[in-house]
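Since the model is a prediction, treat every value here as computed from it, not as a measurement.
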Amino acid sequence: MPPGHTDPRRADKIHRYKPFLNGRIAPGIDDYSADYANILAMLFSMLGLMMKLKWCAWVALYCSGVSFANYKINDDKKQIFSSFMLSFSALAMCYIQDPRPMNIPWISH
């Protein structure tokens, strides 16, 4: 900003965001997408490990990435890290046992 100009922002017009639900302020609305993604990552990684399904291991890695990207500062970091490591180990074990490229069962070749 050049010298001599004033700051155009108005501090008295700044309002903190408050989520609305049906036209009213809704206190305590939480976004549980990180928790759902964490549960899905655990589920798909277990399916990938036990059934040796590569697509389940890939979905688990994707879900754990979503969970990691959306975690809040007060979430349990150990659980998110263990979910990520479990999905990565499922993917590694699937490709160690069968290094061929993945077949997608719902797409015929």
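A distance of 11.5 Å separates CG in Leu86 from CG in Leu91, rounded to the nearest 0.5 Å. The line from OG of Ser82 to CE of Met42 is 4.0 Å long, rounded to the nearest 0.5 Å.
Contacts of Ser67 classified as side-chain hydrogen bond (donor to acceptor under 3.5 Å, both in side chains), with partners at least two apart in sequence or in another chain: none. For the side chain to side chain contact (heavy atoms under 4.5 Å, CB included) test, residues two or more places apart in sequence or in another chain that qualify with Met51 are Leu47, Leu53. By the side-chain hydrogen bond (donor to acceptor under 3.5 Å, both in side chains) test, Ser33 pairs with Asp31, sequence neighbours left out. For Tyr71, the side chain to side chain contact (heavy atoms under 4.5 Å, CB included) partners two or more places apart in sequence, or in a different chain, are Phe68, Asp75, Lys77, Ile80. A search for side chain to side chain contact (heavy atoms under 4.5 Å, CB included) contacts involving Asp76 returns Lys78, Gln79, not counting sequence neighbours. For Phe84, the ring pair (Phe, Tyr, Trp, His ring centres under 6.0 Å) test picks out no residue, with sequence neighbours left out.
Taking hydrophobic clusters as Ile, Leu, Val, Met, Phe, Trp and Tyr residues chained together by side-chain heavy-atom distances below 4.5 Å, Leu49 does not share a cluster with Ile39. Cluster membership check: Met85 shares its hydrophobic cluster with Leu61, using side-chain heavy-atom separations under 4.5 Å among Ile, Leu, Val, Met, Phe, Trp and Tyr.
Applying the side-chain hydrogen bond (donor to acceptor under 3.5 Å, both in side chains) definition to pairs two or more places apart or across chains, those involving residues 38-65 are Asn38-Ser83, Trp58-Tyr95, Ser64-Ser87.
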